[in-house]
Number of protein chains: 2
Amino acid sequence: MGIRDEARERTTAAIMEAARRELAEEGAGGLSMRAIAREVGMVSSAVYRYFPTREALLTAMIVESYGHLAEALNGASARTPARRWTRLAHTLRDWARSRPHEFQLIYGTPIPGYVAPPETIPAAAAVATPFLQIGLYASVEGFRNRRLTAQMAGMTDLVPDLEPSAAAAILAELAALIGAVSLELAGHLVGSADPADYLFEALVQRQIGTLGLGGS
Amino acid sequence: MGIRDEARERTTAAIMEAARRELAEEGAGGLSMRAIAREVGMVSSAVYRYFPTREALLTAMIVESYGHLAEALNGASARTPARRWTRLAHTLRDWARSRPHEFQLIYGTPIPGYVAPPETIPAAAAVATPFLQIGLYASVEGFRNRRLTAQMAGMTDLVPDLEPSAAAAILAELAALIGAVSLELAGHLVGSADPADYLFEALVQRQIGTLGLGGS
DNA sequence: CAAAAGCGAGAGCACTGCTCTCTAAATCCG
DNA sequence: CGGATTTAGAGAGCAGTGCTCTCGCTTTTG
């Protein structure tokens, strides 16, 4: 870790910072290596010393965004499981609305030809974990299909003692939250439930019932 | 409607057909006006006589894709509301999996700077309608917030006599389906629920319960 | 201290969306 | 019918993109 390595880290951070600014304004599709280079005062080819390809930069941004979201979620605490779920859901939505492009970078359409590289998997798991933890207090009906519960076996790596059916139900409800937020961000609710606050709130209440978190 | 106009329609159709092929292979982001022009045997500038901008072409593709999806959904019939919901859900998922780029064109990340033009709204409504119709047979708890039911008032234009709370619940469940399918297509379920068949099936069963469609 | 490795600059390739001008054909209208 | 107008398509060109390659220069390494 000589001076050289520190300089490299600083430059890498500067590039990602510029990339995050570009991302916030243009979205993932409009993220341009040359524009980033301009912003950090380098020529475009120099950026490729740090990220060999645009995809590599995007992958780094994805991991970073997962981290930001996970951080926000971990800051959401509440006394009862029901309240915790509510807070998690609203934290997710608020985060998405304040950083729409970051949310869409994570949960939106994959870049054409892009396949999620392995390093994004633990980052994604960090986002799911706080939701899954509530599964410890859930009592769900259904979600007991044999092969489904087999698939959920690995979830105990994230949350020990988590029931498979609870894990599956939480996963499904997390998908529902992400779906609702995605539709809202994309403007699909404009003709019907806009602003989406009330629909979202009702959805969360329904989820608390479905997950059996109401009894406290 | 002279010969000239017919020729124009044919060329327009040829362009959209080529665009659909490109879309299926490259996705919306990789859709190139020049590649389309090459495929129909024109020079790129000629394409701009038919679609003044790439966005205009994309809008046309979006409307067309909504139409395809709505058509598929309208072909799904079943005797009981519960079975109809199941069939609609699976039709949605199957359609998305067979045409991932078309699904993502509709429900995925909007193109940077793109805002859905008004002509897409009725097309989107045509997709929601078959789901909303099942709301006539639903009995839902919750979703009775005053302002939410006020927002749902316009839904009776699509489905007469539809209860606002049912409309809201259906909308939320449609968002859940879209969210689950989006996550599946994006590969977000690979580490957990892959293949997603069982999770999806369990989700649909849960929805039937939530919507009160089970009693028949 | 010489050799190797790393960094940044610059030029260049093939591609993109889009505009502009030009030619030729079809249509309109007096 | 025939001149005027509209229209389709071609071609060149502009500004931008991701990415590669080569060339100096500096820093690190053996």
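Note on naming: letters A, B, ... go to the chains in the order of the sequence lines (proteins, then strands), and numbering restarts at 1 for each one. Since the model is a prediction, treat every value here as computed from it, not as a measurement.
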Applying a 4.0 Å non-hydrogen cut-off, can you work out what [X] is touching in the nucleic acid: base, sugar-phosphate, or nothing?
{"X": "B/Leu57", "value": "nothing"}
{"X": "A/Tyr50", "value": "sugar-phosphate"}
{"X": "A/Leu31", "value": "sugar-phosphate"}

Would B/Arg93 and B/Phe200 count as a cation-pi pair here, with the cationic atom under 6.0 angstrom from the ring centre and within 45° of the axis?
yes
Charged tip of B/Arg8 within 45° of B/Tyr50 ring normal and under 6.0 Å
yes
Atom [atom1] of [X] and atom [atom2] of [N]: how far apart are they, to the nearest Å?
{"X": "A/Arg10", "N": "C/dG6", "atom1": "CZ", "atom2": "C1'", "result": "16 Å"}
{"X": "B/Met42", "N": "D/dT7", "atom1": "CE", "atom2": "C1'", "result": "14 Å"}
{"X": "A/Arg38", "N": "C/dG8", "atom1": "CZ", "atom2": "P", "result": "18 Å"}
{"X": "A/Phe51", "N": "C/dG6", "atom1": "CZ", "atom2": "C1'", "result": "17 Å"}

Does the side chain of A/Ser45 get closer than 4.0 angstrom to OP1 or OP2 of D/dT20 through an N or O atom?
no
Any side-chain N or O of A/Arg8 under 4.0 Å from OP1/OP2 of D/dT28?
no
dist B/Leu88:CG -> B/His90:NE2 (nearest 0.5 Å) comes out at 11.5 Å
[X] side chain, from C-beta outward: closest of [options]:
{"X": "B/Met33", "options": "C/dG17, D/dA8, D/dA10", "result": "C/dG17"}
{"X": "A/Tyr48", "options": "D/dT20, D/dA8, D/dA10", "result": "D/dT20"}
{"X": "B/Arg34", "options": "C/dC18, D/dA10, D/dT17", "result": "C/dC18"}
{"X": "B/Arg54", "options": "D/dT20, C/dC18, C/dT16", "result": "C/dC18"}

Classify the side chain of [X] and the base of [N] as holding, or not holding, a donor-acceptor pair under 3.5 Å.
{"X": "A/Ser32", "N": "D/dG16", "answer": "no"}
{"X": "B/Arg49", "N": "D/dG9", "answer": "yes"}
{"X": "A/Ser44", "N": "D/dG18", "answer": "no"}

For A/His188 and B/Tyr66, take the angle between the two ring planes, folded into 0 to 90°, and tell me which bin it lands in: parallel under 30, tilted 30 to 60, perpendicular over 60.
perpendicular
Should the heavy atoms of other residues, nucleotides or ligands under 6.0 Å from CZ of B/Arg147 be counted, would the total exceed 12?
no
